[in-house]
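Worth knowing before you read on, the calculation uses all heavy atoms, side chains too, and leaves out hydrogens, waters and symmetry mates. Residue numbers run from 1 in the order of the sequence given.
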Amino acid sequence: MVASSTLLDMEFGDRARAAPRMLSPGNGGRWIAIGLIGLAVAWVVYQILVNPGFQWPVVADFMLDPTVLEGVGMTIKLTILVMMIGMVIGVPIAVMNVSQSRLLKLCGGAFIWFFRGVPPLVQLVFWYNLASLFPDLMLGIPFGGPKFFSVSSTDAISSFGAAMLGLGLVEAAYMAEIVRGGLVAVDPGQVEASKALGHGPFQTLRMVILPQAMKVIIPPTGNQFIGALKFTSLASVAALGELMHSVELVYSNNFQIVPLLIVAALWYVIMVSILTVGQHFLERHYSRGFRQKTMGAGA
């Protein structure tokens, strides 16, 4: 038995030595790609450092310019209000789209279809020129009835109001789809369990569905927040003093166009970076239970 086992081991050993070796794939293509990327990065850094057109001293002088800082403050304020409008309107629209009523689904779908279909710039300009259609905004009984309140459209909808409406309604349409995606991701059994406990529809939505849907809703909402921040630059067409318009005012006087555009870009990058960090912590907070469950299953 020992001899036969030894002969068998020797036979398999000879076959293993005779078998062709497995060759690892070559790394030549990878190193070529790394080299090309490194060369491109080096060229960009070199241009940033030595190209006189960037005019970094001018950029440094205007980073904290009062006009630019006022534009930054207006951009932050407009972004927050636009997202608030988007959430306040978007959540009910999302609930309408997942309801059992065909009429509510039709109304919610029509809202999303229209406000996602028309570009934000077109909507912003439309609201800014609303006075050409409705010179006065009135509250009263329609079709020729008495009017209880009336105000000029020009006075009621300023540049800031037009920007809020034009961008806020677009955000509401996208937020409605984001929230709807989170709602339908919740297991229907959770809803049935909530009903069995005697919860009404609103309690079920608030206590059961939304907390579980948040881990799905938060990541795209963070992206929308960042998108809304950048979309505020469109408000410059309505002469609103946000960051882009403030920078335009400065370089229209000193003709330092490229340095001032770099100032605007740097401020946008700073604000987006702060939002990205906040989004990271929110995602980690709302996915704690999911991560623990996944780790437990893996163990």
Side-chain angles (χ1 to χ4, degrees), residues 44-45 47-88 119-129 154-172 174-175 218 221-283:
V44 171
V45 173
Q47 290 297 323
I48 290 175
L49 294 177
V50 304
N51 192 326
F54 285 101
Q55 302 185 57
W56 291 112
V58 179
V59 172
D61 289 340
F62 283 96
M63 278 297 293
L64 299 178
D65 183 81
T67 303
V68 174
L69 292 180
E70 288 179 7
V72 172
M74 178 61 72
T75 296
I76 295 173
K77 179 181 177 182
L78 181 59
T79 302
I80 293 173
L81 291 175
V82 163
M83 286 306 300
M84 288 177 62
I85 293 173
M87 293 177 183
V88 169
L121 181 59
V122 176
Q123 296 192 42
L124 194 152
V125 175
F126 172 82
W127 287 106
Y128 188 60
N129 293 278
T154 305
D155 297 333
I157 302 180
S158 60
S159 298
F160 189 76
M164 280 200 306
L165 289 170
L167 300 178
L169 293 174
V170 173
E171 288 300 321
Y174 282 100
M175 283 303 303
I218 288 296
T221 299
N223 294 336
Q224 281 300 119
F225 211 121
I226 292 172
L229 173 68
K230 294 183 290 185
F231 271 132
T232 56
S233 60
L234 298 176
S236 61
V237 301
L240 180 65
E242 44 74 52
L243 176 57
M244 190 62 196
H245 184 69
S246 300
V247 166
E248 290 173 352
L249 289 178
V250 176
Y251 72 60
S252 65
N253 292 324
N254 61 14
F255 303 104
Q256 300 287 350
I257 298 176
V258 172
L260 266 299
L261 290 177
I262 294 174
V263 168
L266 290 176
W267 271 114
Y268 279 120
V269 169
I270 291 170
M271 290 185 286
V272 167
S273 301
I274 294 172
L275 289 177
T276 302
V277 173
Q279 177 184 353
H280 167 74
F281 284 106
L282 277 176
E283 289 182 18

Determine the minimum heavy-atom distance between S159 and A238, stating which atoms define it. OG-O, 2.6 Å
Please name the pair of heavy atoms, one in F231 and one in E171, separated by the smallest distance, quoted to 0.1 Å. CD1-OE2, 4.4 Å
Mind listing the side-chain donor-acceptor pairs of residues 258-266 below 3.5 Å, one per line with the distance, residues two or more places apart or on another chain?
none

Under a 4.5 Å cut-off applied to non-hydrogen side-chain atoms, are M164 and W127 in contact? no
Which atom of N253 lies closest to which atom of L249, heavy atoms considered: ND2-O, 3.2 Å
For F225, I'd like to know if atom CZ has over 12 heavy atoms of other residues, nucleotides or ligands within 6.0 Å. yes
Is the closest side-chain heavy-atom distance between L81 and F160 below 4.5 Å? yes
Contacts under 3.5 angstrom, residues 53-72 side chains, donor-acceptor by atom type, not counting sequence neighbours:
| from | atom 1 | to | atom 2 | distance (Å) |
| --- | --- | --- | --- | --- |
| Q55 | NE2 | Q256 | OE1 | 3.3 |
| W56 | NE1 | I48 | O | 2.7 |
| D65 | OD2 | T67 | N | 3.0 |

Do I226 and K230 have side-chain heavy atoms sitting under 4.5 Å apart? yes
For E242 against S236, the heavy-atom pair lying closest together: OE2-CB, 3.3 Å
Would you give the length of the straight line joining atom CD1 of I76 to atom CH2 of W267, rounded to the nearest 0.5 angstrom? 8.0 Å
Between H245 and L240, is there a side-chain heavy-atom distance shorter than 4.5 Å? no
Quick one: which of V82, L78, T79 gives a side chain to side chain contact (heavy atoms under 4.5 Å, CB included) with L229? T79
Would you say that N223 contacts Q279 through its side chain, given a criterion of any heavy-atom pair below 4.5 Å between the two side chains? yes
Indicate yes or no: at least one non-hydrogen side-chain atom of T232 is less than 4.5 angstrom from one of L243. no
For Q224 and Y174, the nearest pair of non-hydrogen atoms, with its separation, is NE2-CB, 3.5 Å
Taking all non-hydrogen atoms of both residues into account, name the closest pair between S158 and Y128 and its distance. O-CD1, 4.4 Å
